[in-house]
Amino acid sequence: MTEIQADAAPPTPEELRQVIHIIEDLTAVMSREVELLRAMRVRDFGELQDHKLGLVQSYEKQTENLRSNPAFVAAIDPLLRDELTDVMERMHEVMSENEMAINAARTANQRVATAIVKAVEEEQSESAGYSNRGSTSKSSGKPPVSVQIDQHL
């Protein structure tokens, strides 16, 4: 275990309560994201991102001393440490659910995009008509369809 750095003080119980509150809020936001993704309400997903980013930044700032000074964990009141451990475990569970939901939504969106591109290509080939020589041609001089899909969630 590393020694506590002389220039940094262990977090106070109030600071730890603040960290716990941030973790709880972040967990709630990620749970809401999972709900929205499972309901395929991707448009509503975006409005949570600013709030989530703010919470992540607060979490990073508030836990900087704990991460840089692992010995601080030993100095935390055992009840507070247990509470912190519990909220961290819950956050990690929700992070896993969140990741799976994002991957599932991304896969579903990719399938829809692929189906759209395929349908457009089939429609173009069916309506290609006749060439200038009177024969049917799949490429009647029309340029190929160009479709670009936004891959962001």
Side-chain angles (χ1 to χ4, degrees), residues 1-127 139 142-153:
M1 195 180 285
T2 61
E3 290 184 31
I4 297 176
Q5 295 177 359
D7 60 339
T12 65
E14 293 79 25
E15 290 170 328
L16 289 171
R17 290 258 175 241
Q18 191 172 20
V19 169
I20 289 169
H21 182 71
I22 291 168
I23 293 169
E24 290 170 336
D25 286 352
L26 187 56
T27 302
V29 168
M30 287 188 295
S31 290
R32 179 69 181 140
E33 283 179 346
V34 170
E35 291 171 13
L36 292 172
L37 287 168
R38 288 184 177 153
M40 295 307 287
R41 293 177 45 200
V42 179
R43 290 179 194 232
D44 298 333
F45 182 84
E47 65 192 39
L48 293 175
Q49 295 308 297
D50 288 339
H51 184 58
K52 181 179 172 181
L53 181 60
L55 289 170
V56 168
Q57 289 171 341
S58 294
Y59 172 80
E60 292 286 325
K61 182 179 178 186
Q62 293 291 329
T63 60
E64 186 176 17
N65 274 345
L66 284 172
R67 286 180 281 125
S68 63
N69 298 297
F72 284 164
V73 174
I76 297 174
D77 174 81
L79 292 175
L80 211 50
R81 186 176 337 123
D82 289 345
E83 188 176 350
L84 184 60
T85 300
D86 289 344
V87 296
M88 292 290 295
E89 287 174 357
R90 175 69 183 134
M91 183 178 72
H92 285 106
E93 289 170 12
V94 172
M95 285 172 65
S96 293
E97 290 177 32
N98 190 278
E99 181 181 9
M100 287 187 297
I102 288 171
N103 289 336
R106 183 176 290 132
T107 299
N109 285 336
Q110 183 61 43
R111 286 183 187 145
V112 169
T114 301
I116 291 169
V117 169
K118 188 175 181 178
V120 168
E121 289 173 346
E122 287 174 4
E123 177 63 28
Q124 183 186 20
S125 69
E126 288 175 8
S127 63
S139 59
K142 292 182 183 177
V145 175
S146 175
V147 179
Q148 182 175 5
I149 307 296
D150 184 0
Q151 296 289 327
H152 296 89
L153 281 180

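Side chains included, hydrogens not; waters and symmetry mates left out as well; all remaining heavy atoms used.
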* Asked: Quick one: CD on Q62 to CG on L55, what's the gap to the nearest 0.5 Å?
  ->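 Answer rounded to 0.5 Å: 11.5 Å.
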* In Å and rounded to the nearest 0.5 Å, what is the CG to CG distance from D44 to L37? ->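 Rounded to the nearest 0.5 Å, the CG-CG separation comes out at 10.5 Å.
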Kindly indicate whether the side chain of [X], heavy atoms from C-beta on, has any atom under 4.5 Å from the side chain of [Y].
X: Q57; Y: I22; answer: no
X: R81; Y: T85; answer: yes
X: R90; Y: E24; answer: no
X: H21; Y: S58; answer: no
X: I76; Y: L66; answer: yes

* With sequence neighbours excluded, residues passing side chain to side chain contact (heavy atoms under 4.5 Å, CB included) with R17 ->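 Once residues adjacent in sequence are excluded, the partners of R17 under the side chain to side chain contact (heavy atoms under 4.5 Å, CB included) criterion are I20, L80, E83.
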* Asked: With E99, which residues qualify under side chain to side chain contact (heavy atoms under 4.5 Å, CB included), at least two apart?
  ->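 Residues passing side chain to side chain contact (heavy atoms under 4.5 Å, CB included) with E99: N103.
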* Asked: Stepwise, does the side-chain contact (heavy atoms from CB on, under 4.5 Å) test hold for L48 with L36?
  -> CA-CA 10 Å; L48 293 175; L36 292 172; 3.7 Å; yes
* For I116 and V112, what are the C-alpha separation, side-chain angles and deciding distance, and is it a side-chain contact (heavy atoms from CB on, under 4.5 Å)? -> CA-CA 6 Å; I116 291 169; V112 169; 3.8 Å; yes
* Could you tell me whether E35 and R41 have a side-chain N and a carboxylate O separated by less than 4.0 Å? =>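 A salt bridge is absent here (no side-chain N lies under 4.0 Å from a carboxylate O).
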* Verify the neighbour count for atom CZ of R111: are there more than 12 heavy atoms of other residues, nucleotides or ligands below 6.0 Å? =>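 12 or below, so no.
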Please list, one pair per line, the donor and acceptor atoms closer than 3.5 Å that link side chains of residues 91-98 to other protein atoms, with sequence neighbours excluded.
{"residue": "H92", "atom": "ND1", "partner": "M88", "partner atom": "O", "Å": "2.7"}
{"residue": "S96", "atom": "OG", "partner": "H92", "partner atom": "O", "Å": "3.3"}
{"residue": "N98", "atom": "ND2", "partner": "M30", "partner atom": "O", "Å": "3.3"}
{"residue": "N98", "atom": "ND2", "partner": "E33", "partner atom": "OE1", "Å": "2.7"}

* To do: Could you give me the CA-CA distance, side-chain angles and deciding distance for R106 and I102, then say whether side-chain contact (heavy atoms from CB on, under 4.5 Å) is met?
  => CA-CA 6 Å; R106 183 176 290 132; I102 288 171; 3.8 Å; yes
* Nearest non-hydrogen partners of P11 and F72, listed with the distance ->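 Looking at all heavy atoms of both residues, the closest pair is CD-CD1, 3.9 Å.
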* Closest contact, heavy atoms only, I23 versus V87 ->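 So the two residues come closest at CG2-O, 3.5 Å.
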